[in-house]
Peer 1: 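Quick one: the structure is below, and I'll ask about it shortly.
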Protein chains: 2
Amino acid sequence: MTHLSARALGDLPEIRLGDDLAALIVAALETTGPGIVLEDGQIVAVAHKVLSKSEGSVVALADVRPSPRARELAAVQGKDPRAIQVVLDESAEIVRAERDVLICRTHHGFVCANAGVDVSNASGEGGVETLVTLPRDPDASARTLRARLRELTGTMVAVLITDSFGRAWRHGQCDVAIGCAGMTPLDDWRGRTDATGLRLRATWLAVADAAAAAADLARAKDSREPVVVIDGLERFVTPEDGPGAVALLRALDEDLFR
Amino acid sequence: MTHLSARALGDLPEIRLGDDLAALIVAALETTGPGIVLEDGQIVAVAHKVLSKSEGSVVALADVRPSPRARELAAVQGKDPRAIQVVLDESAEIVRAERDVLICRTHHGFVCANAGVDVSNASGEGGVETLVTLPRDPDASARTLRARLRELTGTMVAVLITDSFGRAWRHGQCDVAIGCAGMTPLDDWRGRTDATGLRLRATWLAVADAAAAAADLARAKDSREPVVVIDGLERFVTPEDGPGAVALLRALDEDLFR
């Protein structure tokens, strides 16, 4: 019998530039309660926001000069032109500007709402002052965090960086992998078709995305629990850092919608 | 601390038309080992194929007469024209016919590869003879299975019917909800934006899809374990059957790609 388990750690302190996130995770493990220790083969899933903050991927609205295009889009969508400018800066391409959302392809290649730009929880009093962007290179962030966790605890875990993305044809958002290290992002069983040419079963499982979705369910509603420890996926955890979440991206020339 | 747990039950026998799936699940609970009993608030996730078979949503290839269009598509894709005909029969619309896959909108409104048509594991010797289609009305199937599980065990669980779908911009497949009863498919926190107009956090969590993805991870690689019991999502389980997975479907006029 296989058994998947995902446990959210208690609140981390407010994260600031330069914070040692691995050390904060280790400290949170100790305060969350008995029974959670890092072990080889676990996956440590981290909501990207804390990582972005520790790396300084934040933008002060006061520093942003909106372009004419940002002003134009902001007027249509009823948003702050400076926030729209940050979204444009994070985007390689606006896939769709419709209703109240910009669907963007980020510089990393992720297709998501508002290029993954979030309002900071750390906003000062009296209104929003800073936005949080996606990490520059989430796979590199995952590798660095993994190495540091190994340094501090001696364990070989995988690290998964997550964000909540919408879907083309379905309502709501699911967490997906935007970075990972030490795990197989895709479990490949392709080629197993039969005489009809149809699949025998799902043949290319997006393990990292499914793990991200599972991790998000372990968080209590409306709580701030950015770190989730997953047991039961040891078969996907690898000694090497592996290809990262970039392997999940469909190349532009394979995009089903062009 | 919240804690998500997903455990796969052992193999079910080969399912045939008219089988009492709930009774087979209860029997599988008993043989899977100690510690798994149904309890109020659990989610019982079922890979759709066993449900389809119990309901007779299977097609014998020998009975299929391919249309000219099916022959044409099959020639391009190198597939059996009768299998393509089954896919066409299941589709309200072919969203895209490209490379080696048909992206279809099914009569239910699901957008997925090959209209969810699968090769049956129960194919006779000497080649594929039957295909398995999606259940006619997966939400109704979930309600029926839920009621029967309640009848047999006295417990109030939710039932989730799953299938593996590809994604527009990402490689690989993730399991999603195609039917559910007794749970909130979408956890709605919308409207929580701030002065910038950007989201404070993911505000419309696709709980049922995330639970489907988590359930699939609890299955051992390449095993036949259609039923997974999920603990830790009691907050999303409801006494009433609720809106079902149809609530997850983006209406045609809201499709981001039209």
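Throughout, a chain's letter reflects where its sequence line sits, starting with A, and its residues are numbered from 1.
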Peer 1: Please report the interatomic distance CG(A:Leu217) to CG(B:Leu205), rounded to the nearest 0.5 Å.
Peer 2: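 Nearest 0.5 Å value for the CG-CG distance: 6.5 Å.
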Peer 1: Of the backbone (N, CA, C, O) and the side chain (C-beta and beyond), which part of A:Leu233 lies under 4.5 Å from a heavy atom of chain B, both, or neither?
Peer 2: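 For A:Leu233, the contact with chain B is made by the side chain alone.
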Peer 1: If you count heavy-atom pairs under 4.5 Å with chain B, which of A:Gly166, A:Ala214, A:Ala210 comes out on top?
Peer 2: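 Result: the option with the highest number of such pairs is A:Ala210.
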Peer 1: In terms of heavy-atom proximity below 4.5 Å to chain B, should A:Ala74 be classed as side chain, backbone, both, or neither?
Peer 2: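 A:Ala74 has no heavy atom closer than 4.5 Å to chain B.
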Peer 1: If you measure from NE2 on A:His3 to CG on B:Asp231, what distance do you get to the nearest 0.5 Å?
Peer 2: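 So the gap between those two atoms works out to 7.5 Å.
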Peer 1: Between B:Leu186 and A:Gly172, which heavy-atom pair has the shortest distance, and what is it?
Peer 2: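 Reported closest heavy-atom pair: CD2-CA, 3.7 Å.
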Peer 1: Counting only non-hydrogen atoms closer than 4.5 Å, does A:Leu248 touch chain B with its backbone (N, CA, C, O), its side chain (CB onward), both, or neither?
Peer 2: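 Answer is both: backbone and side chain atoms of A:Leu248 are under 4.5 Å from chain B.
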Peer 1: Does the side chain of A:Arg250 come within less than 4.5 Å of B:Arg170's, by heavy atoms?
Peer 2: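 B:Arg170 vs A:Arg250: side chains apart.
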Peer 1: So which residue, A:Ala213, A:Ala215, A:Ala47, ends up with the most heavy-atom pairs under 4.5 Å with chain B?
Peer 2: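 Most heavy-atom pairs within the cutoff with chain B belong to A:Ala213.
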Peer 1: So, taking the atom named CD in B:Gln173 and the one named CH2 in A:Trp204, what distance separates them when rounded to the nearest 0.5 Å?
Peer 2: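 Reported value, rounded in 0.5 Å steps: 8.5 Å.
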Peer 1: Under a 4.5 Å heavy-atom cutoff, which of A:Ala177, A:Gly10, A:Pro81, A:Gly232 has the most pairs with chain B?
Peer 2: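 The answer is A:Ala177.
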Peer 1: Please name the pair of heavy atoms, one in B:His171 and one in A:Ala247, separated by the smallest distance, quoted to 0.1 Å.
Peer 2: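 Minimum heavy-atom separation between B:His171 and A:Ala247: CD2-O, 3.3 Å.
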